[in-house]
Structures are given as C-alpha cells and as structure tokens.
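Take a look at the structure set out below.
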Amino acid sequence: MSGPGCIEGVPRHVAIIMDGNGRWATQRGQPRSAGHRQGVEALRRTVRAAAEMGIGVLTLYSFSSENWSRPQSEIRFLLELLRRFIRTDVAELHRANVRIMVIGDREGLDPAIRAMFEEAEALTRENTALKLVIAFNYGSRQEITRAVQLIARKVAEGKIDPADITPAVIGNHLDTGGLPEPDLLIRTGGEQRLSNYLLWQCAYTEFVFMPDYWPEFGAEHLRRAVEAYRMRDRRFGGLKAQTA
Ligand code: IPE
Ligand code: IPE
Ligand code: MG
C-alpha cells in the first residue's frame with residue numbers, strides 16, 4: 001500500500017496531539033507536573049521511534065494558544081520543561097541528523113524562548129533525517145489569520161493579484177508552508193477533537209484516537225497507529241485505487 005506521500009506504507013507526515021498528562025498523574029495521586037515530566041520521556045521515545053520507522057515529518061502539539069488560560073504555575077512548569085528539553089536534547093538530535101522546526105506565534109513570546117528556537121533551527125537547518133516540528137503557542141485559527149494578513153499585505157502592495165490566491169498560495173503562507181500535509185493524526189488521552197490543531201492541513205488526514213494517556217505512549221503505540229493508518233482506504237474524493 002503505497003499511496004502518495006508513503007514509503008512502503010509509512011506515513012510521510014505524522015502529527016500528534018500529546019494529551020492526557022494531567023489525568024495520567026491525577027490517576028496516580030501525583031501532581032499534574034509529574035505527568036508533564038513523564039510526557040517528555042514519551043516524546044523522546046516517540047521521536048526515536050519515528051526516526052527509526054522512516055517517518056519524514058513528526059509534528060508535535062506541545063502548547064496551544066489556548067493553554068495560556070491554565071494556572072500560572074502550570075504554565076511556568078511547562079515552559080521550564082521545554083527550555084530544559086531544548087537545552088539537553090538538541091545536541092543529540094543534531095547528531096542524529098534531525099531537523100528541528102517550530103511553528104506557532106512567536107510574537108510576544110519571551111525573547112529567551114524565541115532565541116532558543118532560532119538557535120535550534122539554525123543549528124539543525126541542513127539536517128536531512130526526520131523533521132521534528134514543535135507546535136508551540138500554536139493555534140490553527142491564529143495561524144490562518146496571520147497568513148490572511150500576510151497575503152492581504154502583499155495584495156495591498158500589488159505583489160499578489162487576488163485572482164491568483166489559490167489553496168496552494170494560502171498553504172504556503174501558513175507556518176507549515178513547504179511541509180507535506182499530515183497523512184496521519186494521532187490524539188492520545190481519549191478526546192476526539194482537534195483543539196485548534198492544523199485545521200487547514202488536516203483536510204484529508206487520517207485520524208487515530210487512542211485512549212492511552214500521553215505519558216504511556218511509545219514505539220508500540222506509534223506502530224499500532226501506523227498499522228491502523230495502513231488499513232485505511234484514502235480516496236481523496238475519488239474512488240478506491242483498485243476500482244479506479
Ligand atoms: C497535554 O496534557 C499537555 C498539554 C496540553 C500541554 P494535558 O495537560 O492537557 O493533560 P489532561 O488532558 O489535562 O489530562
Ligand atoms: C491540546 O490539548 C493541546 C496540546 C496537547 C498541547 P488540550 O488539553 O489543551 O485540549 P482540550 O482543552 O482538551 O481541548
Ligand atoms: Mg488535555
């Protein structure tokens with residue numbers, strides 16, 4: 001089964017909504033922060049497994065535009081975890097030929113965090129193995145709004161004719177411009193919603209929802225999700241490949 005964007009059935013782009021850290025911890029009588037800490041371990045396992053499976057792009061939802069509504073103490077903890085992850089893991093990811101990219105709104109972010117993202121991106125820019133895309137301060141509606149503003153500015157400057165605005169032009173103005181669209185989206189934690197993630201990009205993505213909480217996730221879960229994906233018949237509005 002090797003449709004467009006597949007290498008022997010392996011999805012080219014996998015997007016994950018890493019959900020359920022808090023519930024995982026609460027279930028164990030631990031503070032939510034313990035779930036976030038274990039969530040980083042699951043992230044490490046998943047990046048390793050994705051690279052081994054030959055997945056081209058892995059996009060991870062690490063902090064949404066709406067997550068700022070959480071208690072200050074939890075936000076502070078999450079930012080610190082992210083900072084520590086970048087500080088301790090980037091060198092190893094670089095050695096593994098992983099390219100790091102960050103999507104989301106950087107305007108108004110702590111300058112230290114912005115600088116950290118820029119350094120990680122610059123260091124790994126030429127790497128050719130897995131593309132690890134971290135969605136931070138990311139909201140799909142906000143991303144689309146920024147793209148519309150960018151395009152409107154170009155129209156006002158006479159650089160784009162409104163008649164030339166196509167879905168491809170819009171796609172290229174999103175933070176994910178240049179990346180293939182996700183073939184497979186996985187959400188852990190049992191909820192079956194997108195929570196403002198990759199709304200434009202997921203027009204024809206296959207969804208796999210898993211009840212397991214994110215801190216439990218690992219290579220085996222990823223393999224299971226990819227297996228489920230391979231059983232799907234992607235028609236893109238057409239007919240089954242065999243009957244076409
Ligand atoms: C996902 O786990 C991590 C982030 C959203 C940053 P949650 O923190 O949402 O955990 P639950 O969904 O409350 O269990
Ligand atoms: C989505 O999870 C965001 C991340 C995983 C970073 P949430 O826990 O924020 O989503 P809702 O609130 O359940 O929709
Ligand atoms: Mg959640």
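Counting begins at 1 with the first residue of the sequence. Computed from a predicted model, the values in this text were never measured in an experiment.
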- Report, as yes or no, whether the 6.0 Å neighbourhood of atom CZ on Arg114 holds more than 12 heavy atoms from other residues, nucleotides or ligands.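 Yes, CZ of Arg114 has more than 12 neighbouring heavy atoms, counting only those of other groups under 6.0 Å.
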- Query: Does Glu92 CD have over 12 foreign heavy atoms under 6.0 Å away?
  - Reply: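 No, because the 6.0 Å sphere around CD of Glu92 holds 12 heavy atoms or fewer from other groups.
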- Message: Using the rule side-chain hydrogen bond (donor to acceptor under 3.5 Å, both in side chains), only one of Gln149, Glu143, Arg146, Lys154 pairs with His173; which is it?
- Response: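 Of all the options given, the one that passes is Lys154.
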- Message: Show the nearest heavy-atom pair for residues Pro182 and Thr205, with the distance to one decimal.
- Response: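 Pro182 and Thr205 have their closest heavy atoms at O-OG1, 2.7 Å.
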- Task: Determine the minimum heavy-atom distance between Leu130 and Ile55, stating which atoms define it.
- Result: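 Leu130 and Ile55 have their closest heavy atoms at CD1-O, 3.2 Å.
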Backbone N or O of [Y] within a donor-acceptor pair of the [X] side chain at under 3.5 Å?
{"X": "Ser65", "Y": "Gly139", "answer": "yes"}
{"X": "Ser62", "Y": "Ile134", "answer": "no"}
{"X": "Asn137", "Y": "Gly104", "answer": "no"}
{"X": "Glu216", "Y": "Tyr213", "answer": "yes"}

Is [Y] paired with [X] through a side-chain N to carboxylate O contact shorter than 4.0 Å?
{"X": "Glu191", "Y": "Arg23", "result": "yes"}
{"X": "Glu119", "Y": "Arg125", "result": "no"}
{"X": "Glu227", "Y": "Arg224", "result": "no"}
{"X": "Arg44", "Y": "Glu41", "result": "yes"}

Once the angle between the rings of [X] and [Y] is folded into 0 to 90°, is it parallel (under 30°), tilted (30 to 60°) or perpendicular (over 60°)?
{"X": "His36", "Y": "Phe77", "result": "tilted"}
{"X": "Tyr197", "Y": "Tyr138", "result": "perpendicular"}
{"X": "Phe207", "Y": "Phe209", "result": "perpendicular"}

- Message: Between Tyr229 and Arg234, is the side-chain contact (heavy atoms from CB on, under 4.5 Å) condition met? List the steps.
- Response: CA-CA 9 Å; Tyr229 163 83; Arg234 300 186 79 187; 3.2 Å; yes
Under a plain distance cut-off of 3.5 Å, with no hydrogens placed, do [Y] and [X] share a side-chain donor-acceptor pair?
{"X": "Gln30", "Y": "Gln38", "value": "no"}
{"X": "Asn127", "Y": "Thr124", "value": "no"}
{"X": "Asn196", "Y": "Gln142", "value": "yes"}
{"X": "Asp212", "Y": "Trp24", "value": "no"}
{"X": "Arg187", "Y": "Ser195", "value": "yes"}

- Query: Ring centres of Phe117 and Phe136 under 6.0 Å apart?
  - Reply: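 Yes, they do, as the ring centres are separated by less than 6.0 Å.
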- Item | The single option from Leu199, Leu194, Thr176 passing side chain to side chain contact (heavy atoms under 4.5 Å, CB included) against Ser140 |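 When Leu199, Leu194, Thr176 are each tested with Ser140, the side chain to side chain contact (heavy atoms under 4.5 Å, CB included) holds only for Leu199.
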- Give the intermediate values and the outcome of side-chain contact (heavy atoms from CB on, under 4.5 Å) for residues Val208 and Val226. CA-CA 9 Å; Val208 170; Val226 168; over 6 Å; no
- Task: Let me see the working for Leu222 and Phe217 under side-chain contact (heavy atoms from CB on, under 4.5 Å), right down to the final yes or no.
- Result: CA-CA 8 Å; Leu222 184 62; Phe217 199 87; 4.1 Å; yes
- Message: To the nearest 0.5 Å, what is the distance between CG on Leu123 and CD1 on Ile100?
- Response: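 Spacing of CG (Leu123) from CD1 (Ile100) equals 7.5 Å.
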